[in-house]
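Here's the structure, in structure tokens; my notes come after.
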2 protein chains.
Amino acid sequence: MSGILQALREQQHHMNPKEQILAQFILEHAHEAVHLSITELAGRSGTSAATVSRFCRSLLFKGYGDFRMKLAAELVQPVPAKPSYQDIVAGNTLHSIAQAIETNHLRSISDTTRQLDLTEVQRAVDALHDARRIDLYGMATSGMVAYDCQQKLVRIGKMAQHWADSHMQITSATSLGEGDVAFAFSYSGETPETLDALLCAKERGATTISLTKFGANRISQLADIRLYASSLEEGMRRGDMASRIAQLHVVDILFTALLSLHFDDYVPLLEQSFQEVKKYRKEKGR
Amino acid sequence: MSGILQALREQQHHMNPKEQILAQFILEHAHEAVHLSITELAGRSGTSAATVSRFCRSLLFKGYGDFRMKLAAELVQPVPAKPSYQDIVAGNTLHSIAQAIETNHLRSISDTTRQLDLTEVQRAVDALHDARRIDLYGMATSGMVAYDCQQKLVRIGKMAQHWADSHMQITSATSLGEGDVAFAFSYSGETPETLDALLCAKERGATTISLTKFGANRISQLADIRLYASSLEEGMRRGDMASRIAQLHVVDILFTALLSLHFDDYVPLLEQSFQEVKKYRKEKGR
DNA sequence: AAAAATGGTGAAAATTATTTTCTTCCTCAT
DNA sequence: ATGAGGAAGAAAATAATTTTCACCATTTTT
């Protein structure tokens, strides 16, 4: 708790009645208050503009404008020590929600990077580079990650396919073979549809890669190359938000590593696909 | 270099003469500028108050007050301790790649949270809550974000649709009307397909929301409610990796806010959809 | 080359925000 | 009871901001 708010809290009880109300309102709605004009603030807090103005001056600010500016400056101060994962419940303020989600995401990314096994990353990169064909499996949220990965791979000329449909996943896995790669995305590591497809691919001789939460799970057990996205506190209700960010983070690292290690093979292709999209749009007359 | 100043620097050369002078002055005297009234700033920079006001609005701030506040908030944050965005080139070690990507992602999330306008978030949440039907537009990487958002909305019983196909986007937009919401995702803010769809939706009377990079761009100009994901250094080749994370971050905040503010409406639905998927799998004998 | 349209600009008007003054009302001590 | 003192809002005064409008310069059209 920093300067101004702290001061308000301490001095609150030595203030005039209306000023106490005002102080209370500001303490409870600080982030909202800085966006309000003096008249609006007066209205919202049940006081008058004159009172607010006096209030600010009695706190030795130059006026309402000065007060608001200083308060705003104080409120952007970053959270000091990064707290751990936070759950989200009813009735939180927007600010605390934004803060909590930020914390979760930052933590997810840090944790994921920290526990990433670069040897496994290297093996995954090699497998992807050498792959004839790449199949990507994932359902729901993890399906999105798989799709993201597919987009990236296609842009550098890889034969990569993602099937959102679980039947198609299996169908496609059936036609894999030696020299192909099957990449399974599943945060829980237990998603049956994904597991089935991966199993099928493995039986056909494809190299299997998994990206799951950290810890033992059936999908990573099955995989030749195992990547992990940081695991969240249990009990997190909407854990899939942070896990998705963490998974994408791993995909980004994988893809960037692939690019960097085989720069001359891929970057021209990437550049080219970018230019072609631009050209195509021009031709359509935009 | 963070949001506003960065945007000023990038856009400076596409501005009117007087605005360039003004931008230059602000870039050189940022810390002084936030303490000046609009008239003082106009005097010091050799322009007029009217020009300053227009300048702020053309940058899509709500006015000079809004601009000053946001700028002040930004300046409080000193030079970040964390290293700034990093580009990725050939021949890096895996470790430095992982490190660089982590840095980029962490920065993106922090910056995005910091510059989020919670009033706009609130408005977006209200619009989504009240919406009869929600259309989500986005191409390529931003299409993924749109899809992610759709998944979330559908899980809480909203009629939400995302079209990856640009023709379908327009077709769908045509049938929107009063009380519906159109939500456009585009990092550049200039994607023609997305712009067209949003324009069409707006003409039909739908409420429009945009999620773009920070700074003036055609899509956010068109939108009733404007959300921004932090803007990266220019020249970042694979900037869309970090931007995608930042956009998802905003989607998470939006969605969580929606849940938290209407807890009783939505959480049972969410819980239910989760249970149903589980049950469905059991029935299939897993 | 002239005319018309467009766009940038500042002066002034209109609007809005903030501060000060003035008045009322309340409390408390005499 | 009464008046001193102070709290608080109404209204007035001041200041700041935004919008309108007229002007000029530039570009485009005829």
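In what follows, every heavy atom counts, from backbone to side chain, and hydrogens, waters and symmetry copies are set aside. Note that this is a predicted model, so its numbers are computed, not measured. Each chain gets a letter, A, B and so on, in the order its sequence line appears, and its residues count up from 1.
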Do the side chains of A/Asn104 and A/Met241 get nearer than 4.5 Å, heavy atoms only?
-> no
Would you please name every residue forming a salt bridge (charged side-chain N to carboxylate O under 4.0 Å, His left out) with B/Arg68, sequence neighbours left out?
-> none
Partners passing ring pair (Phe, Tyr, Trp, His ring centres under 6.0 Å) against A/His29 (at least two apart in sequence or in another chain) | A/Phe25
Residue list, salt bridge (charged side-chain N to carboxylate O under 4.0 Å, His left out) with B/Asp135, at least two apart or on another chain = B/Arg133
Are B/Gln115 and B/Glu74 close enough that a side-chain donor and a side-chain acceptor fall under 3.5 Å?
-> no
Can I get a per-line list of side-chain donor-acceptor pairs under 3.5 Å for residues 203-211 of chain B, giving both atom names and the distance, sequence neighbours left out?
from, atom 1, to, atom 2, distance (Å)
B/Arg204, NE, B/Thr174, O, 3.3
B/Thr208, OG1, B/Asp224, N, 2.9
B/Thr208, OG1, B/Asp224, OD2, 3.0

Salt bridge (charged side-chain N to carboxylate O under 4.0 Å, His left out) filter on B/Glu32, not counting sequence neighbours, yields B/Arg44
What residues, two or more places apart in sequence or in another chain, satisfy salt bridge (charged side-chain N to carboxylate O under 4.0 Å, His left out) together with B/Lys18?
-> none
Distances for protein N or O near nucleotides 3-6 of chain D N or O, under 3.5 Å:
none

Would you please name every residue forming a side-chain contact (heavy atoms from CB on, under 4.5 Å) with A/His95, sequence neighbours left out?
-> A/His31, A/Thr93, A/Gln99, B/Leu118
In the 5'-to-3' direction, what one-character label does each nucleotide of nucleotides 9-19 of chain D receive under the scheme B = base within less than 4.0 Å of a protein heavy atom, S = sugar-phosphate only, - = no such atom?
-> BB------BBB
Which is the 5'-most and which the 3'-most nucleotide of DNA chain C that has an atom under 4.0 Å from a heavy atom of chain B?
-> C/dG8 to C/dA11
Review item, nucleotides 24-26 of chain D N/O atoms under 3.5 Å of protein N/O:
none

Got a list of side-chain donor-acceptor pairs under 3.5 Å for residues 52-65 of chain A, not counting sequence neighbours?
from, atom 1, to, atom 2, distance (Å)
A/Arg57, NH1, A/Lys62, O, 2.9
A/Ser58, OG, A/Phe55, O, 2.9
A/Tyr64, OH, A/Leu36, O, 2.7

Indicate yes or no: does B/Arg123 engage B/Asp126 in a salt bridge with an N to O separation below 4.0 Å.
-> no
Is there side-chain contact between B/Leu71 and B/Leu5, with heavy atoms separated by less than 4.5 Å?
-> yes
